[in-house]
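Structure first, commentary second.
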Number of protein chains: 4
Amino acid sequence: MVRTVGSRGPKTMEAIRTAGLRLIREHGYEAITLRQLGQEVGIQPGSMYNYIQSKQELLFILIRDHMVALSAEVATALEGAIDPLDRLRRFIRFHVSYHIRRTDEVFIGGSELRSLEGENRTAILAMRREYERLLVAILEDGMAAGQFKRTDPPVTAYAILAMLTGVCTWYNPAGRMGEEELIRLHQDMILGGVLV
Amino acid sequence: MVRTVGSRGPKTMEAIRTAGLRLIREHGYEAITLRQLGQEVGIQPGSMYNYIQSKQELLFILIRDHMVALSAEVATALEGAIDPLDRLRRFIRFHVSYHIRRTDEVFIGGSELRSLEGENRTAILAMRREYERLLVAILEDGMAAGQFKRTDPPVTAYAILAMLTGVCTWYNPAGRMGEEELIRLHQDMILGGVLV
Amino acid sequence: MVRTVGSRGPKTMEAIRTAGLRLIREHGYEAITLRQLGQEVGIQPGSMYNYIQSKQELLFILIRDHMVALSAEVATALEGAIDPLDRLRRFIRFHVSYHIRRTDEVFIGGSELRSLEGENRTAILAMRREYERLLVAILEDGMAAGQFKRTDPPVTAYAILAMLTGVCTWYNPAGRMGEEELIRLHQDMILGGVLV
Amino acid sequence: MVRTVGSRGPKTMEAIRTAGLRLIREHGYEAITLRQLGQEVGIQPGSMYNYIQSKQELLFILIRDHMVALSAEVATALEGAIDPLDRLRRFIRFHVSYHIRRTDEVFIGGSELRSLEGENRTAILAMRREYERLLVAILEDGMAAGQFKRTDPPVTAYAILAMLTGVCTWYNPAGRMGEEELIRLHQDMILGGVLV
DNA sequence: TATGAATGAGGGTTCATTCAT
DNA sequence: TATGAATGAACCCTCATTCAT
């Protein structure tokens, strides 16, 4: 759709990233072709190789950059907070906020993991585990402090992450629910459940 | 790997389904080839066309049959229950149980929706909406009865479904947590949250 | 269209011939499939092999039978005629008449010759040459008798045959010109040309 | 056979056309494969798609270009001639001459029409009708002028065209009859018939 | 005789990738 | 940097043919 014809230099790489994110999100990594991508960007397929080494590398870059940003931003979001309950609230706020801001990256980062090969996959999985560990640690701390019910922390973390990450698949920013309300709803659900 | 050599007739169709589910789950619909599938089943790729009309149709059949089963079984699971709280507990139990029993179908049913074309996609989306409506209705009833907190029912339903459906991506039946415990954990989380 | 479902025995062979003629004429030998043919006849493709040895053999049979009939009938048509002019008139009458009665055979006999392999092709070509020789002989006799202009007999024969055979590609029996008139027109053209 | 190794750019397209004409003429459109064609041209089958959109389009291009040339050249051939008899002589001369110069195009243009799909076929048929109309008009004019016998002009035109077009199937330029003699023979046959 | 399932070869076409210009 | 032409592998799918039942 958006076709930056004749884009040159650094702008081209940016155009490749943007178009790549959108196309892969929409059709999946295996389903898209470098021809499609080139057309979207406004260059010939062969020219793509001035910017990327391979289709696989493009996927890796997109996911890795997203994971790097996620790690950096979550650190900022939790900065200074010590109380487990406070940290959990902040974690939820950050995660939801990030996931509706960068829907494409997040979605791809989950669904296209299986298309990553060898070391690429290993590297990303390590970063994911690190991120998950943050939540597990919060839960453990909260349980130790007697604030949270005693459960299996990793499993509870997975359940929570599944719920929080889900927003990137169905949340519509133009819909009737605003970001703030969405965050509250998730904080309430996770902290207190549905019961009155 | 498992090669049902010389499988004939109806057995072959069943072998195609089983191998198809596993392969698509593992590599994705776009990534697998009918050669792979044929090899797994123990027949030539062309012979597949005695059972399916196209690769696309195979995907559709796999997802559709899963949705049909899901609809039928959830009805049984909720049968006779009237109290919204009871219905919610049963819904969670059923959903979790089904999702760890039929991991492949469930995973594919979510991740490969985008590979369905035209009417195939429309048909499946309709069935999904119908299923989601069940949970929305339970939430609405419970709120009306004053049992559940007042929230946006569809959004809450999406959040809950995301959490429950997540089990198919990470739950390991051979791990230290049994099915019953997993169900309880989810019932507790959804009903009462993490707070003490 | 006409589907003789469950046809048995000798009727089946006849159905194969008829359907074969129509389909090959319409789409060409290479373009049709035994599946199409089977469907038209009302049997499975495999069952065809109870009647024919191969697709190639079917083509051969269809063309050969047509050539045999052509040879037999032209002999009858010329029987008793001695005068070259009389023979030529009869030849034209017969050729036109046969070619609008058995359009499919005739058309296939010309256009699908190149699809005949090895000996099959040789055999048919021999029969064709024999048939052409008839006309060449008539022309030679007529020239010797001073009735026809002196020209190259084989070339003239080819030219005449091209004109006469053409009717099977464009003549419409339901159109405004009847068979008798069509025959006269060709007799007149060939004998006297267009000039007054 | 002739392999223009390493042919680049426009030369390749020309090589595809030439080889295409020869192969299709020899084996028929349905019977040839892009692998064969590629080998003849000296490129991989897939590379063909830098020049054509599909096998079907190649056929269309070959036939269309021939029809365009035919139309253009016949106009030149008839230019300035008014007398119907003169026009008819010129038409015969041109048609025969063109048909023995471009045997492959002409043969394909007739025999592979049935392999053209949808609009492609419609377009070519329209061009053919236009060409045939030229001859019909000449005949009508000549009859009106009292020069030609009164007959059904379209049918007579078909008969003449069948004879004239036939040369492309049997004429051998290396044989004992030269082009000029061939033209004369057809002019004489059509104008005056075989009778003395 | 007829069927249904299978084979094995191959057909048109696509695509990531390369490279001379 | 960008292009256009090429490669080579593979993909989905079709088809003549075989054969146990």
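Since this is a predicted model, take the numbers as computed values, not measurements. We name chains A, B, ... by the order of the sequence lines, and we start the count at 1 in each one.
Of the candidates E:dT18, F:dT17, F:dA2, F:dA2 carries the atom nearest the A:T12 side chain, counting heavy atoms from C-beta on. For A:Y49, the listed nucleotide lying nearest its side chain is E:dT18; candidates were E:dT18, F:dG4, E:dT13. Listed nucleotides: F:dC12, F:dT3, F:dT17. Nearest to the side chain of B:T33: F:dC12. In this structure, the nucleotide among E:dT17, E:dG12, F:dT17 sitting nearest to the side chain of A:P45 is E:dT17. Between F:dC13, F:dT1, E:dT3, one nucleotide has an atom nearer to the side chain of A:Y51 than all others, and that is F:dT1.
Position along DNA chain E of the nearest nucleotide to A:L34 versus B:M48 favours B:M48 as the more 5'-ward residue. Looking at which nucleotide of DNA chain E each of D:E30 and A:Q53 is closest to, the 5′-most match is held by D:E30.
Side-chain N/O atoms of B:N50 and base N/O atoms of E:dA6 include a donor-acceptor pair closer than 3.5 Å. Checked by distance alone, B:R35 brings no side-chain donor or acceptor within 3.5 Å of a matching partner on the base of F:dA10.
Checking side-chain atoms of B:Y29 against main-chain N and O of B:Q56 turns up a donor-acceptor pair under 3.5 Å. When atom types are taken as modelled, the side chain of A:Q36 and the backbone of A:T33 share a donor-acceptor pair closer than 3.5 angstrom.
Of the side-chain N and O atoms in D:Q44, one or more sit less than 4.0 angstrom from OP1 or OP2 of F:dG8.
Taken from CG in D:D65 to CZ in D:R102, the straight-line distance is 8.5 Å, to the nearest 0.5 Å. With rounding to the nearest 0.5 angstrom, the OG atom of A:S111 is 9.0 Å from the CD atom of B:E112.
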* Asked: Which string of ( ) [ ] | and . matches DNA chain F, if you list each base 5' to 3' and count Watson-Crick or G-U pairs only when both distances are under 3.5 Å?
  -> .||||||||||||||||||||
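As judged by a 4.0 angstrom heavy-atom cut-off over every strand, A:S47 is placed among the base-contacting residues. Within 4.0 Å (heavy atoms only), D:I32 reaches sugar-phosphate atoms of the nucleic acid but no base atom.
Residues D:K55 and D:E30 approach most closely at NZ-O, 3.8 Å, considering heavy atoms.
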